[in-house]
Participant: 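Handing you this structure, nothing more for now.
Just so we're on the same page: letters track the sequence lines, and every chain starts at 1.
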2 protein chains.
Amino acid sequence: MKLHLHQTHHTIADFEGIFKYLQEHFDTTQADGLHIFPELFLSGYPLQDLCLHRSFVKSYQKLISRINTWSTNLKNKNEKSCLLIGGIHYEFSAEQKEIPLRLTNVIYKLIPGKVLEPIYAKILLPNYDIFDEKKYFHVGEGPKILEFDQKKIGLLICEDMWHSNVHNVDPVKDLRNLGAKLDLIVNLSASPYNLHKSEKRIDRGMDISQTLGAPFVYVNRVGCEDEIIFDGGSFIVNGKELSYQCKNFSAELTTFELEAFKGPAQNKIDENIENTWESMFSPSILYPKGKLPTLNHLDDAHCKEIVEALCFGLQEYAKKSHFKKFVVALSGGMDSALVVALTKISLKPGQEIECIYMPSQFSRDLSYNLSLDMCKRLNIPLHVLPISSVHDSCRELFKSEMKTPLAGLSDENIQSRLRGLLLYARSNQSDAMVINTSNKSELAVGYSTIYGDSVGAISMLGDLFKSEIFVLARYINRHHGDMIPEEIITRPPSAELRDDQVDTDSLPPYERLDVILEAILSYRLGLHDLLELGFDRQEVERVINLYRKTEYKRAQFCPILKIKSKSFGFGYRVPICKNSNFYLEEMK
Amino acid sequence: MKLHLHQTHHTIADFEGIFKYLQEHFDTTQADGLHIFPELFLSGYPLQDLCLHRSFVKSYQKLISRINTWSTNLKNKNEKSCLLIGGIHYEFSAEQKEIPLRLTNVIYKLIPGKVLEPIYAKILLPNYDIFDEKKYFHVGEGPKILEFDQKKIGLLICEDMWHSNVHNVDPVKDLRNLGAKLDLIVNLSASPYNLHKSEKRIDRGMDISQTLGAPFVYVNRVGCEDEIIFDGGSFIVNGKELSYQCKNFSAELTTFELEAFKGPAQNKIDENIENTWESMFSPSILYPKGKLPTLNHLDDAHCKEIVEALCFGLQEYAKKSHFKKFVVALSGGMDSALVVALTKISLKPGQEIECIYMPSQFSRDLSYNLSLDMCKRLNIPLHVLPISSVHDSCRELFKSEMKTPLAGLSDENIQSRLRGLLLYARSNQSDAMVINTSNKSELAVGYSTIYGDSVGAISMLGDLFKSEIFVLARYINRHHGDMIPEEIITRPPSAELRDDQVDTDSLPPYERLDVILEAILSYRLGLHDLLELGFDRQEVERVINLYRKTEYKRAQFCPILKIKSKSFGFGYRVPICKNSNFYLEEMK
């Protein structure tokens with residue numbers, strides 16, 4: 001039997017494009033064998049509230065009808081071809097026929113010539129982090145084995161393969177308990193990307209293949225929905241062997257001959273798994289003996305993957321928002337330089353990027369020289385908009401009308417907000433998309449000005465700690481030709497909002513700050529845990545104080561391209577207002 | 001038996017305050033009878049991810065230990081007193097003792113002298129709209145009847161009383177099926193406020209009282225967590241009689257003698273309920289015969305409630321963020337005037353409000369005169385910061401450095417953003433909290449400038465359509481002394497970003513726009529439905545086009561005080577990027 005892996009790439013609710021894909025591939029002939037599509041191929045994912053809007057439901061139901069009509073009218077009808085397609089199955093109110101009462105996340109079987117038939121509903125609905133599936137879907141009723149071409153095929157949808165203590169049931173075990181000798185297991189997925197995830201999927205696929213004694217096929221979608229990247233990376237494993245893996249971040253159709261199981265079998269399922277989602281997917285901090293913990297180092301393979309993911313995510317957002325130009329505020333510092341380099345790498349024919357350098361009285365000549373150097377290297381236009389004159393007008397206004405001159409924080413912030421304002425004026429003028437330049441460390445401690453340097457349509461670096469940004473910059477210089485002037489990487493980070501300001505005036509060095517932040521955010525460690533790891537009490541308390549008081553800034557931040565298992569954004573849900581003493585008082 | 005309703009008001013995670021409350025009320029004597037507290041009294045609600053953070057878990061577990069120690073050491077121990085307290089019950093990993101594996105939302109029983117004993121876990125976990133309970137809690141295992149003082153008491157937690165098709169089980173029916181003759185039903189709640197909700201709770205309480213043949217006691221918390229207001233309004237019903245209702249928006253402790261059931265009994269439970277959450281709680285549009293639908297009119301009682309809710313919500317945010325000053329950009333238009341009036345009504349001793357009027361070349365003298373008139377009436381300082389000079393500096397900068405003068409949209413938006421910038425400069429200078437002035441109609445069609453007039457710490461009017469804002473303004477003038485100059489209410493709404501601009505240049509009149517928006521947002525109606533209701537195709541298409549293209553603005557908006565069943569904010573989840581043709585193409 002032939003296996004066809006349809007690693008597809010469609011926008012949410014692109015019903016026309018989805019139908020055309022089916023037409024293109026099955027209109028005239030239908031290749032023999034099993035065609036496997038991603039989870040929710042027919043609708044896109046994640047849909048959030050869209051799946052309940054009547055207009056969406058109507059259009060989706062029309063797509064279903066259209067596919068059924070098309071299939072039954074096909075001239076060539078090939079019963080040796082079987083499509084397994086992910087989609088929503090709606091059940092409606094008997095009285096109010098347009099109001100959906102129940103949604104399930106299903107696999108449709110489609111034999112060319114027949115109609116779509118829902119044959120399996122997803123059992124494990126993820127509802128942690130960014131996932132909200134229990135908000136919309138009802139739980140499927142049990143395991144299912146499809147018989148096709150004299151083969152027994154076990155069905156799974158995405159999370160069904162990930163048993164953990166978050167869930168009470170284990171669909172893989174339930175499949176085995178059906179007692180049949182399986183020839184194949186398929187998993188239709190819409191699985192968000194994060195660093196290291198592909199390896200975890202393959203490892204788990206091998207486990208399942210060995211446990212159930214059959215090859216395992218995993219088909220994932222490609223795309224980026226706001227902050228959530230889908231990387232594809234579909235694969236086939238047979239026992240402990242990786243037979244094939246599709247590309248990341250692009251559509252692919254691959255055909256593969258189903259092989260017999262290659263063993264070794266692994267009969268035991270660990271019944272005592274005590275996994276939480278965090279223990280399966282959380283990133284890891286390294287604990288060198290007798291030293292302070294450090295972040296896991298990003299090697300070249302990781303950096304390559306991150307560059308691909310970020311460039312892909314940016315381009316997805318731009319395409320869907322119909323932008324062909326990008327504009328970045330280049331400061332002469334590391335973050336904006338990396339954003340410009342990444343954007344330049346991502347550029348497609350017909351696209352442009354321009355930079356704006358907006359010096360104040362506190363900006364050093366070096367910042368301009370480095371910005372200019374960078375733009376020359378990359379052949380990008382650099383506009384210079386000194387903010388001093390507008391800043392002076394603001395100061396004048398406050399002095400004359402408010403009788404209190406701007407000073408201290410109000411005078412510092414106004415510089416950052418003027419830059420945000422001028423950047424958006426240019427965006428309006430040139431129809432260019434503003435890319436945000438904040439990093440995860442800044443976001444975590446609120447080291448940014450709301451409506452100032454925090455503006456943008458999307459954040460490329462909001463899931464990377466500052467220390468990782470340096471690693472990525474060096475990787476880019478090694479592998480993409482020296483895009484970033486060396487001195488941008490080596491000079492001490494500064495917001496340049498007052499004379500001789502450097503980040504370490506108010507923050508611990510990034511190599512320590514970032515570990516503390518990762519511990520708080522991903523591991524949910526507290527003060528006590530951090531002191532036990534050897535961190536300095538004063539330093540940790542300073543970081544926690546900055547973190548706990550700045551939720552309001554993160555609450556109004558733009559979408560962040562998610563490349564880690566724990567990120568700020570939709571999956572990070574922390575009240576702005578609360579009594580936050582527990583962060584510091586737990587030891588009393 | 002005496003019933004003590006503890007309608008409490010604590011901040012999330014205020015473990016100290018929560019413990020003190022117990023000490024104050026039970027340290028020396030414990031009044032006989034049943035003391036009923038709100039759902040999750042011990043932790044606060046909603047906690048979101050906080051409930052998984054190790055520091056939170058440790059501090060919470062310390063609170064539990066502290067209560068147990070305190071109770072067992074009490075000098076007076078009264079076994080005729082029984083406390084029913086809402087809280088989280090954590091179960092931990094056997095291997096990693098600090099990692100919670102399972103959380104349930106429970107009722108603890110506390111007999112003074114003994115320790116906290118979890119006796120019932122919530123069965124219906126709401127996971128729609130703003131609710132995320134399935135993200136954190138495991139489902140309780142079944143109904144429970146507590147025996148105390150020779151009475152049989154049926155236990156429910158909040159959503160347990162609301163059976164609908166969203167859920168598969170009905171805890172009220174399950175309680176009845178236990179077959180016992182109940183003397184009382186208690187419901188511990190943390191139920192968010194929205195307009196009309198109190199009546200629905202009481203109606204449903206009466207249903208349950210009649211169905212189960214016993215008085216029904218409902219205890220709700222008071223507070224506002226970011227956008228979510230908890231109104232209290234705890235009550236006792238007996239059959240069809242409302243025996244007592246607590247105040248809204250403030251803490252209260254009320255004692256009541258338990259009465260025998262007063263009937264009539266109502267033995268039948270409607271087994272064929274086809275409620276969706278929307279059909280239970282959605283607001284309603286009026287359909288006058290032969291005319292276009294209109295929004296439900298807000299009467300004086302509704303307006304009074306809304307004023308209380310908004311003032312309460314604002315003050316909660318200010319208190320928790322430690323602000324004693326407020327600053328509002330007064331434009332001479334309706335929205336900012338209403339925000340100022342509401343804020344003035346809400347002011348507490350020691351608090352101040354100031355207004356800033358920021359005219360441009362397009363501002364009419366009338367706008368200034370009306371702003372001044374309003375501030376004089378309310379005795380509020382008015383600062384005038386003309387933006388022309390700074391605006392000119394920006395224009396000059398673009399002309400000289402960018403070689404392209406600012407014009408059209410880029411020149412209009414810069415005015416709005418300059419106002420946002422100056423407002424925040426003043427906020428930084430005077431440590432005043434900026435209150436946003438956008439309304440729900442503007443938010444829905446994106447009729448605002450991101451980082452401009454959309455800025456603020458919290459939005460007071462973001463859940464009120466423009467047509468409702470006029471009704472509220474007139475109510476305030478009738479009942480709080482003419483706070484708002486009449487001409488602010490009667491002049492045509494305008495953003496004053498160019499000469500002679502009025503809102504109706506680009507938007508349908510608000511009385512039609514608002515119904516269309518409510519239909520799309522709360523009823524999830526589409527183009528076809530709206531045309532059937534008699535709306536004009538061109539007008540509806542214009543509104544839908546504005547709505548579907550402006551998710552990016554709503555995604556970065558500040559928290560909105562939620563006073564309706566469907567609101568923008570945390571419970572509104574729509575992807576920014578998608579193929580949105582379905583909104584318009586459904587009829588093809």
Participant: Any side-chain heavy atom of B:Q48 sitting closer than 4.5 Å to one from A:Y572?
Facilitator: no
Participant: As an exercise, state the distance from CG of A:L50 to OG of B:S580, rounded to the nearest 0.5 Å.
Facilitator: 9.0 Å
Participant: For a quick test of reading the model, state the closest non-hydrogen atom pair linking B:I12 to A:K578 and the distance between them.
Facilitator: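 Minimum heavy-atom contact is CG2-CB, 3.8 Å.
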Participant: Chain A heavy atoms under 4.5 Å from B:I458: which part of the residue, side chain, backbone, both or neither?
Facilitator: neither
Participant: So for B:P559, is it side chain, backbone, both, or neither that comes closer than 4.5 Å to the heavy atoms of chain A?
Facilitator: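 Side chain of B:P559 only, per the 4.5 Å heavy-atom cut-off to chain A.
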Participant: How long is the straight-line distance from CZ of B:R524 back to CZ of A:R54, given to the nearest 0.5 Å?
Facilitator: 10.0 Å
Participant: Under a 4.5 Å cut-off applied to non-hydrogen side-chain atoms, are A:K58 and B:D529 in contact?
Facilitator: yes
Participant: Of all of B:K320, B:E412, B:R426, B:H391, which one pairs up most often with chain A through heavy atoms under 4.5 Å apart?
Facilitator: B:R426
Participant: Check the pair A:K62 / B:F582 against side-chain contact (heavy atoms from CB on, under 4.5 Å), numbers first and verdict last.
Facilitator: CA-CA 11 Å; A:K62 274 190 192 150; B:F582 66 85; over 6 Å; no
Participant: Among the options A:V384, A:D411, A:I414, A:V455, pick out the one with the most heavy-atom pairs lying under 4.5 Å from chain B.
Facilitator: A:V455
Participant: Please report the shortest heavy-atom distance between A:L418 and B:L421, naming the atom on each side.
Facilitator: N-CD1, 3.4 Å
Participant: Taking the side chain as C-beta and beyond, is there a heavy-atom pair between B:E133 and A:N127 under 4.5 Å?
Facilitator: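 Side-chain contact under 4.5 Å: no.
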Participant: Write down the atom of B:C558, the atom of A:Q556, and the distance for their closest heavy-atom approach.
Facilitator: CB-NE2, 3.2 Å
Participant: Look up atom OG1 in A:T11 and atom CG in B:N579, then write down how far apart they are to the nearest 0.5 Å.
Facilitator: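 Output value for this atom pair is 6.5 Å.
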Participant: Measuring heavy-atom distances to chain A, does B:Y424 have an atom under 4.5 Å in its side chain, in its backbone, in both, or in neither?
Facilitator: both
Participant: For each of B:V57, B:I387, B:L385, tally heavy-atom pairs with chain A at distances under 4.5 Å, and name the one with the top tally.
Facilitator: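 Maximum pair count with chain A is reached by B:L385.
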Participant: Report which part of A:P405 has an atom under 4.5 Å of a heavy atom belonging to chain B: side chain, backbone, both, or neither.
Facilitator: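 The backbone, not the side chain.
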Participant: Which heavy atom in B:S389 sits nearest to a heavy atom in A:S393, and how many Å separate them?
Facilitator: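 Shortest heavy-atom contact: O-OG, 4.1 Å.
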Participant: Can you measure from CG (B:N413) to OG (A:S427) and round to the nearest 0.5 angstrom?
Facilitator: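 Rounded to the nearest 0.5 Å, the CG-OG separation comes out at 9.0 Å.
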Participant: Examine whether an atom of A:F15 lies under 4.5 Å from a heavy atom of chain B, and if so say whether it belongs to the side chain, the backbone or both; otherwise answer neither.
Facilitator: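 Interface part for A:F15: side chain.
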Participant: Taking B:E401 for the side chain and A:H383 for the main chain, is one N or O donor matched with an acceptor at less than 3.5 Å?
Facilitator: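 No, the answer is negative, given that no donor and acceptor are paired below the 3.5 Å cut-off.
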Participant: With only heavy atoms counted, which part of B:Y552 is less than 4.5 Å from chain A, the side chain, the backbone, both or neither?
Facilitator: side chain
Participant: Could you walk me through whether B:K134 and A:D132 satisfy the salt bridge (Lys or Arg N to Asp or Glu O under 4.0 Å) test, starting with their C-alpha distance in whole Å, then the side-chain angles of each, then the deciding distance to 0.1 Å, before giving a yes or no?
Facilitator: CA-CA 9 Å; B:K134 288 184 183 166; A:D132 271 347; over 6 Å; no
Participant: How are the rings of A:Y451 and B:Y451 set relative to one another: parallel (under 30°), tilted (30 to 60°) or perpendicular (over 60°)?
Facilitator: tilted
Participant: Could you check if a side-chain atom of A:N428 sits within less than 4.5 angstrom of a side-chain atom of B:R417, using non-hydrogen atoms only?
Facilitator: yes
Participant: Do B:K135 and A:D129 sit within salt-bridge range, that is, some charged N less than 4.0 Å from a carboxylate O?
Facilitator: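 No, no charged N to carboxylate O under 4.0 Å.
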Participant: Specify which of B:L422, B:I450, B:I228 makes the most heavy-atom pairs with chain A at under 4.5 Å.
Facilitator: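 Of B:L422, B:I450, B:I228, B:L422 has the most heavy-atom pairs under 4.5 Å with chain A.
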Participant: Distance from A:D14 atom CG to B:N581 atom CG, nearest 0.5 Å?
Facilitator: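 That separation rounds to 8.0 Å.
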Participant: Counting heavy-atom pairs closer than 4.5 Å to chain A, which one of B:F557, B:Y317, B:F570, B:F398 comes out on top?
Facilitator: B:F398
Participant: Taking every non-hydrogen pair under 4.5 Å, which of A:P386, A:P46, A:G44 racks up the most with chain B?
Facilitator: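 It is A:P386.
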Participant: Just verifying a value: how many Å separate A:I544 CD1 and B:S55 OG, rounded to the nearest 0.5 Å?
Facilitator: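 OG of B:S55 is found 6.0 Å from CD1 of A:I544.
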Participant: Just by distance, do the side chain of A:D49 and the backbone of B:V574 share a donor-acceptor pair under 3.5 Å?
Facilitator: no
Participant: Kindly give the heavy-atom pair with the smallest separation between B:T404 and A:Q429, and that separation in Å.
Facilitator: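 Between these two residues, the closest heavy atoms are O-NE2, 2.9 Å.
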Participant: Does B:P575 reach the side chain of A:L47, with side-chain heavy atoms less than 4.5 Å apart?
Facilitator: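 Heavy-atom side-chain distance check fails, nothing below 4.5 Å.
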Participant: Check whether any side-chain heavy atom of B:Y523 sits under 4.5 Å from a side-chain heavy atom of A:H53, and report yes or no.
Facilitator: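 Side chain of B:Y523 against side chain of A:H53, heavy atoms only: no contact under 4.5 Å found.
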Participant: Go through the atoms of B:I356 and report whether side chain, backbone, both or neither lie under 4.5 Å from a heavy atom of chain A.
Facilitator: side chain
Participant: Taking side chain as everything from C-beta outward and backbone as N, CA, C, O, which of these in B:E225 sits under 4.5 Å from a heavy atom of chain A? Side chain, backbone, both or neither.
Facilitator: side chain
